[in-house]
Student: 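Mind looking over this structure? Questions follow.
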Amino acid sequence: MATLSFNPTRIRTPGGLHLCKPKPRSLPFPQSIKTAKRFSADFRINQQLLHRFRSNSVSESSISVPEEVEVAVDEDEDDPTLELAYLDSETDPESITEWELDFCSRPILDIRGKKVWELVACDNSLSLQYTKYFPNNVINSITLRDAISSITEELGVPLPEKIRFFRSQMQTIITKACTELGVKPIPSKRCLSLLLWLEERYETVYTRHPGFQKGSKPLLALDNPFPMELPDNLFGERWAFVQLPFSAVQEEVSNLNASFMFGSSLDLDLLGIEIDDNSMIPGLSVASSRAQPLAAWMNGMEVYSVEADTSRACLILSVGISTRYVYATYKKNPVTTAEAEAWEAAKKACGGLHFLAIQDDLDSEDCVGFWLLLDLPPPPV
């Protein structure tokens, strides 16, 4: 389990989401901006991401390996050619209503010299884990549909209500397979357990596979399109860079779970991430006279991350699979550039953890919407 710890230059412990009162400055968003306490990029962090993934292999891979390759497998290690079908015995199968899924090629060659494909599916708590290899000549929606059905049969779980996936190139196949099964497909990068699991599998499974091709680049790289103009219904009126102690962030998450407030949270324990209560978490607060409808619109968009783009002097909002919006702009000068860089440095120091808050007013201690976000690097596969 990872421990995130760092020492910001100043720590403020507000009651609720109360912003540090700064010296106001006029910048376009699209009219004005109120900036919070300036961030300092002087963070020291000791971070080692460790993942807690079970590895109960139950069936042999359908992928052949060259006969001349001898694989020495330690008795204490899992065979990387095996597939995985796991359900936590303490988990009620009926409670697993949402899955995260990836269906893509891997940096592994089969006996024909062709790239192996793999289906990886899990829920956000990793109580359900499933992997299955496929040759590249059977990749279609029918294969995927049947494979999803086989998961329910093998593990004794019902079909999920929703399946999230993060590759835009597979949207047609995944959507068709899900639709035929009566499952709602959701294109979203908020497949955080899956993304972390793929990173872990790359190190512990794929690189140990006898068919592994070192240096092989992903066949379906993640999109990073040029940001588009923000739709009118998503505009705020004022915004501020802010930071909160993690304890205050947890309070907002508790309010989110206990009320009808818009937004979404993350279970950092399940993701294997620990953060000290006094660690300062960077965020963005957006104020609007129409905060309630603004938060409602944002709630259906699978918000993934906020990024400060200093080259374009703007903030970029990423939603869904590959949609990026210019969320706000500011006048570029050394001061504003330094603030944006410090905010990004703070986000990086937190391992990508940050938040987005929507409020009626920047001085308010209450949120209408709150999203806890984790900006992860793309998986190596």
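The structure displayed is predicted, hence computed values, not measured ones.
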Student: Not counting sequence neighbours, which residues clear salt bridge (charged side-chain N to carboxylate O under 4.0 Å, His left out) with Arg112? List them please.
Tutor: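 Only Asp110 meet the salt bridge (charged side-chain N to carboxylate O under 4.0 Å, His left out) criterion with Arg112.
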
Student: Would you call Thr131 and Val120 a side-chain contact if the rule is heavy atoms closer than 4.5 Å?
Tutor: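 Counting from C-beta outward, Thr131 and Val120 do come under 4.5 Å.
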
Student: Listed by chain and number, what are the side-chain hydrogen bond (donor to acceptor under 3.5 Å, both in side chains) partners of Glu118, not counting sequence neighbours?
Tutor: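 Counting only residues at least two positions away or on another chain, Glu118 forms a side-chain hydrogen bond (donor to acceptor under 3.5 Å, both in side chains) with Arg106, Arg201, Tyr206.
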
Student: Among the clusters formed by ILVMFWY side chains lying less than 4.5 Å apart, do Ile151 and Leu159 turn up in the same one?
Tutor: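 Ile151 and Leu159: one cluster.
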
Student: Evaluate the side chain to side chain contact (heavy atoms under 4.5 Å, CB included) criterion for residues Phe165 and Leu194: first the C-alpha distance (whole Å), next the side-chain angles of each, then the deciding distance (0.1 Å), finally the verdict.
Tutor: CA-CA 9 Å; Phe165 62 96; Leu194 176 61; over 6 Å; no

Student: With a 4.5 Å heavy-atom cut-off, do Ser264 and Val303 have their side chains touching?
Tutor: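 No - every pair of side-chain heavy atoms lies 4.5 Å or more apart.
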
Student: Could you tell me which non-hydrogen atom of Ser288 sits nearest to which non-hydrogen atom of Leu294, and how far apart they are?
Tutor: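 Result for this residue pair: CB-CD2, 3.9 Å.
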
Student: How close do Leu356 and Val286 get, counting heavy atoms only, and between which atoms?
Tutor: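 What the structure gives for the nearest pair is CD1-CG2, 4.0 Å.
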
Student: With a 4.5 Å cut-off on side-chain heavy atoms, are Ser318 and Arg324 touching?
Tutor: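 Sidechains of Ser318 and Arg324: in contact.
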
Student: Side-chain contact test, heavy atoms from C-beta onward, threshold under 4.5 Å: evaluate it for Phe262 versus Trp297 and give yes or no.
Tutor: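 SC-SC contact between Phe262 and Trp297 ruled out.
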
Student: Anything under 3.5 Å between a donor and an acceptor, one on a side chain of residues 138-145, the other on a protein residue two or more places apart or in another chain? List them.
Tutor:
unit_1	atom_1	unit_2	atom_2	d
Asn140	OD1	Ile142	N	3.1
Asn140	OD1	Thr143	N	2.8
Asn140	OD1	Thr143	OG1	3.1
Thr143	OG1	Val138	O	2.5
Arg145	NH1	Glu180	OE1	2.9

Student: Main chain of Tyr86, side chain of Gln129: is a donor-acceptor contact present, judged purely on distance under 3.5 Å?
Tutor: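 Pair absent, no side-chain N/O of Gln129 close to backbone of Tyr86.
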
Student: Taking all atoms of both residues into account, what is the closest heavy-atom pair of Ala295 and Ile358, and its distance?
Tutor: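 Looking at all heavy atoms of both residues, the closest pair is CA-CD1, 3.9 Å.
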
Student: Hey, what do you get for CD (Glu252) to CE (Met261), rounding to the nearest 0.5 Å?
Tutor: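 Here the interatomic distance stands at 5.5 Å.
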
Student: For Leu256 and Ser265, work out which heavy atoms get closest and say how close.
Tutor: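 Smallest heavy-atom distance, with atoms named: CD2-N, 3.7 Å.
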
Student: Using every non-hydrogen atom in the two residues, find where Asp277 and Gln250 come nearest and quote the distance to one decimal.
Tutor: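 Closest approach of Asp277 to Gln250, heavy atoms only: OD1-OE1, 3.4 Å.
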
Student: Are Thr310 and Glu341 linked by a side-chain donor-acceptor pair shorter than 3.5 Å?
Tutor: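 Side chains of Thr310 and Glu341: no pair found under 3.5 Å.
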
Student: Using the benzene-type ring in the case of Trp, are the ring centres of Phe134 and Phe103 under 6.0 Å apart?
Tutor: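 Centroid separation for Phe134 and Phe103: below 6.0 Å.
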
Student: Please name all residues satisfying side-chain hydrogen bond (donor to acceptor under 3.5 Å, both in side chains) with Thr204, sequence neighbours left out, ordered by chain then number.
Tutor: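 Thr204 satisfies side-chain hydrogen bond (donor to acceptor under 3.5 Å, both in side chains) with Glu200 only.
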
Student: Say you draw a straight line from CD1 of Ile316 to OH of Tyr327; how long is it, rounded to the nearest 0.5 Å?
Tutor: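 Spacing of CD1 (Ile316) from OH (Tyr327) equals 13.5 Å.
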
Student: For residues Thr329 and Cys314, determine if any side-chain heavy atom of one lies less than 4.5 Å from a side-chain heavy atom of the other.
Tutor: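 Counting from C-beta outward, Thr329 and Cys314 do come under 4.5 Å.
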
Student: Taking a hydrophobic cluster as the set of Ile, Leu, Val, Met, Phe, Trp and Tyr residues connected by side-chain heavy atoms closer than 4.5 Å, whether directly or through intermediates, do Ile186 and Met298 fall within one such cluster?
Tutor: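 Not linked; separate clusters.
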
Student: Got Cys350 and Pro282 here, is their nearest side-chain heavy-atom distance under 4.5 Å?
Tutor: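 They are in contact (side-chain heavy atoms under 4.5 Å apart), so the answer is yes.
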
Student: Considering non-hydrogen atoms only, spot the tightest contact between Ala313 and Lys332 and give its length.
Tutor: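 Heavy-atom minimum between the residues: CB-CB, 3.8 Å.
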
Student: Could you state the interatomic distance from CG (Asp79) to NE2 (His209), rounded to the nearest 0.5 Å?
Tutor: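 That separation rounds to 8.0 Å.
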
Student: Would you find more than 12 non-hydrogen atoms of other residues, nucleotides or ligands less than 6.0 Å from Glu98 atom CD?
Tutor: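 Result for CD/Glu98: enclosed.
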
Student: Atom CD1 in Ile275, atom CD1 in Ile281: separation rounded to 0.5 Å?
Tutor: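 Ile275 atom CD1 to Ile281 atom CD1 measures 4.5 Å (nearest 0.5 Å).
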
Student: When clusters are formed by joining ILVMFWY residues with side-chain heavy atoms under 4.5 Å apart, either directly or through shared neighbours, do Val326 and Tyr330 land in the same one?
Tutor: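 No.
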
Student: With under 30° as parallel and over 60° as perpendicular, where do the rings of Phe370 and Phe355 fit, or are they tilted in between?
Tutor: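 The arrangement is parallel - the two ring planes meet at less than 30°.
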
Student: If only side-chain N and O atoms count, and only distance matters, is there a donor-acceptor pair under 3.5 Å linking Glu237 with Ser289?
Tutor: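 Yes, because at least one side-chain N or O of Ser289 sits under 3.5 Å from a partner of the opposite role on Glu237.
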
Student: Go through the structure and list residues passing side-chain hydrogen bond (donor to acceptor under 3.5 Å, both in side chains) with Tyr325, not counting sequence neighbours.
Tutor: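 With sequence neighbours excluded, Tyr325 shows a side-chain hydrogen bond (donor to acceptor under 3.5 Å, both in side chains) to no residue whatsoever.
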
Student: If we ignore angles and hydrogens, is there a donor and acceptor under 3.5 Å between the side chains of Tyr130 and Glu154?
Tutor: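 Looking only at side-chain atoms, Glu154 and Tyr130 do form a donor-acceptor pair, the distance falling under 3.5 Å.
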
Student: Set out, in order, the CA-CA distance, both residues' side-chain angles and the distance that settles side chain to side chain contact (heavy atoms under 4.5 Å, CB included) for Tyr304 and Leu373, then state yes or no.
Tutor: CA-CA 6 Å; Tyr304 175 69; Leu373 309 172; 6.0 Å; no

Student: Check for me, please, whether Trp371 and Leu230 land in the same ILVMFWY cluster - side-chain distances under 4.5 Å, paths through other members count.
Tutor: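 As far as the 4.5 Å side-chain criterion goes, Leu230 and Trp371 are connected within one cluster.
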
Student: When you group the ILVMFWY residues by side-chain heavy-atom contacts below 4.5 Å and let the links chain together, are Leu101 and Leu155 in the same group?
Tutor: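 Yes, one cluster joins them.
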
Student: Could you check whether any side-chain heavy atom of Val249 comes within less than 4.5 Å of a side-chain heavy atom of Leu353, counting everything from C-beta outward?
Tutor: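 No; the side chains remain at least 4.5 Å from each other.
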
Student: Would you please name every residue forming a side-chain contact (heavy atoms from CB on, under 4.5 Å) with Thr91, sequence neighbours left out?
Tutor: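 side-chain contact (heavy atoms from CB on, under 4.5 Å) list for Thr91, sorted by chain: Asp88, Ser95, Ile96, Ser127.
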
Student: Determine whether Met301 and Leu234 satisfy the following criterion, side chain to side chain contact (heavy atoms under 4.5 Å, CB included), listing intermediate values before the conclusion.
Tutor: CA-CA 11 Å; Met301 299 194 67; Leu234 298 183; 3.5 Å; yes

Student: Is there side-chain contact between Glu302 and Pro187, with at least one heavy-atom pair below 4.5 Å?
Tutor: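 The answer is no; the side chains never approach within 4.5 Å.
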
